[in-house]
Amino acid sequence: MKTKNLEERVKSVIRDVQDFPKPGILFKDITPILLHPSLLQEMVAAMANQFKDVKVDAVAGIESRGYLFGVLLAQKLQVPFIMIRKEGKLPAKTINESYDLEYGSATIEVHEDAITKGSHVLIHDDLLATGGTAVAAANLIQQKAHVAGFSFVIDLTFLEGSKKLKEIQPIIKSLITY
Ligand SMILES: O=P(O)(O)OC[C@H]1O[C@H](OP(=O)(O)OP(=O)(O)O)[C@H](O)[C@@H]1O
Ligand SMILES: Nc1ncnc2[nH]cnc12
């Protein structure tokens with residue numbers, strides 16, 4: 001089965017780093033994927049295919065690793081890409097949300113005029129852990145638009161982040177799970 005093969009191949013290039021950025025965290029390092037352009041291309045095609053029957057007007061990617069795949073996913077789906085950034089980086093008028101991480105807390109922002117009122121925005125990030133970041137992104141989007149779905153490269157299912165997301169939008173896709 002092609003999807004299974006892809007999952008195995010992606011897993012084989014992801015690097016586990018123990019105790020980063022804090023003791024007790026097993027960090028999933030996705031940077032080696034970027035050293036394999038044809039694998040990356042295949043991944044983006046597979047992610048886009050997961051949403052072929054979903055109305056998606058734009059993809060919103062979460063800084064910073066969410067940009068790596070998110071902008072390629074938006075390009076593949078032929079829709080605009082919206083940058084959700086960490087606090088204080090966007091120059092024009094923003095809306096914002098605070099959230100908790102597996103290893104800390106943060107605030108995210110988006111340019112208010114980047115989101116078309118009433119549109120269907122697919123939220124993308126590289127990894128789903130506790131779900132705090134994705135929930136905050138969804139809250140941000142929902143101030144003006146609808147959440148079309150959630151897209152991740154990796155779902156750390158043992159942290160049960162998708163349970164939080166289901167209440168917002170049950171269309172939650174990931175390429176690989178741990
Ligand atoms: O589901 P959660 O518990 O909220 O965690 C997932 C988030 O954590 C990581 O981002 P990080 O804040 O490390 O930033 P980065 O993408 O800039 O490395 C990851 O890229 C997700 O955005
Ligand atoms: N375990 C983990 N590995 C990589 N990124 C993360 N973001 C939150 N938890 C993470």
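All figures in this text were calculated on a predicted structure; none of them were measured in a lab. Note that ligands are numbered from 1 as they come in the structure, with each ligand's atoms numbered from 1 the same way.
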Legend entry - Nearest-0.5 Å distance, CD1 of residue Ile30 to CG of residue Leu127: 9.0 Å
Inset, instruction - Output yes when a side-chain donor or acceptor of His111 lies under 3.5 Å from a complementary backbone atom of Thr94, and no otherwise. - result: no
Inset, instruction - Report, in ascending order of atom number, the atoms of ligand 2 lying under 4.0 Å from any heavy atom of Leu156. - result: 1 (N)
Inset, instruction - Report yes if Ala129 has an N/O atom closer than 3.5 Å to an N/O atom of ligand 1; otherwise report no. - result: yes
Inset, instruction - Say whether Thr31 and Asp29, considering side chains only, have a donor N or O and an acceptor N or O under 3.5 Å apart. - result: yes
Legend entry - Close-contact set for ligand 2 against Arg65 heavy atoms, below 4.0 Å: 4 (C), 5 (N)
Inset, instruction - Taking only Lys NZ, Arg NE, NH1 and NH2, and the carboxylate oxygens of Asp or Glu, determine whether Glu160 and Lys163 approach each other closer than 4.0 Å. - result: yes
Legend entry - Atom indices of ligand 2, in the order listed, that fall short of 4.0 Å to a heavy atom of Leu127: 3 (N), 4 (C), 5 (N), 6 (C), 7 (N), 8 (C), 9 (N), 10 (C)
Inset, instruction - For Gly132, take its heavy atoms, then give the atoms of ligand 1 lying under 4.0 Å from any of them. - result: 1 (O), 4 (O)
Legend entry - Those atoms of ligand 1 less than 4.0 Å from some heavy atom in Glu63: 16 (O), 17 (O)
Inset, instruction - May I ask whether Thr130 has any heavy atom positioned less than 4.0 angstrom from an atom of ligand 2? - result: no
Legend entry - Common cluster, Leu35/Met43, ILVMFWY with side-chain heavy-atom separation under 4.5 Å: no
Inset, instruction - Give the numbers and elements of all ligand 2 atoms closer than 4.0 Å to a heavy atom of Ala129. - result: 8 (C), 9 (N)
Legend entry - Gap between atom CG of Leu128 and atom OG of Ser151 - 0.5 Å precision: 11.0 Å
Legend entry - Sub-4.5 Å side-chain heavy-atom contact between Tyr99 and Val135: no
Inset, instruction - Kindly confirm or rule out an N or O of Thr130 lying under 3.5 angstrom from an N or O of ligand 1. - result: yes
Inset, instruction - Output yes when Glu63 and Lys89 qualify as a salt bridge under the 4.0 Å nitrogen-oxygen rule, no when they do not. - result: yes
Inset, instruction - Go through ligand 1 atom by atom and flag the ones less than 4.0 Å from a non-hydrogen atom of Thr133. - result: 2 (P), 4 (O), 5 (O), 6 (C), 7 (C), 22 (O)
Inset, instruction - Kindly identify the option in Asp125, Ile84, Asp155 whose heavy atom sits closest to atom 22 (O) of ligand 1. - result: Asp125
Inset, instruction - Would you indicate which of Ile108, Asp126, Ile30 comes nearest to atom 19 (C) of ligand 1 when only heavy atoms are counted? - result: Asp126
Legend entry - Sub-4.0 Å atoms of ligand 1 with respect to non-hydrogen atoms of Leu127: 6 (C), 21 (C)
Legend entry - Asp16 and Lys28: CA distance, side-chain angles, deciding distance, salt bridge (Lys or Arg N to Asp or Glu O under 4.0 Å) verdict: CA-CA 5 Å; Asp16 284 356; Lys28 296 291 179 187; 2.7 Å; yes
Legend entry - Sub-4.0 Å heavy-atom approach of Gly131 to ligand 1: yes
Legend entry - Leu26 N/O under 3.5 Å from ligand 2 N/O: yes
Legend entry - Test item: side-chain donor near acceptor, Thr177 and Thr157, under 3.5 Å: no
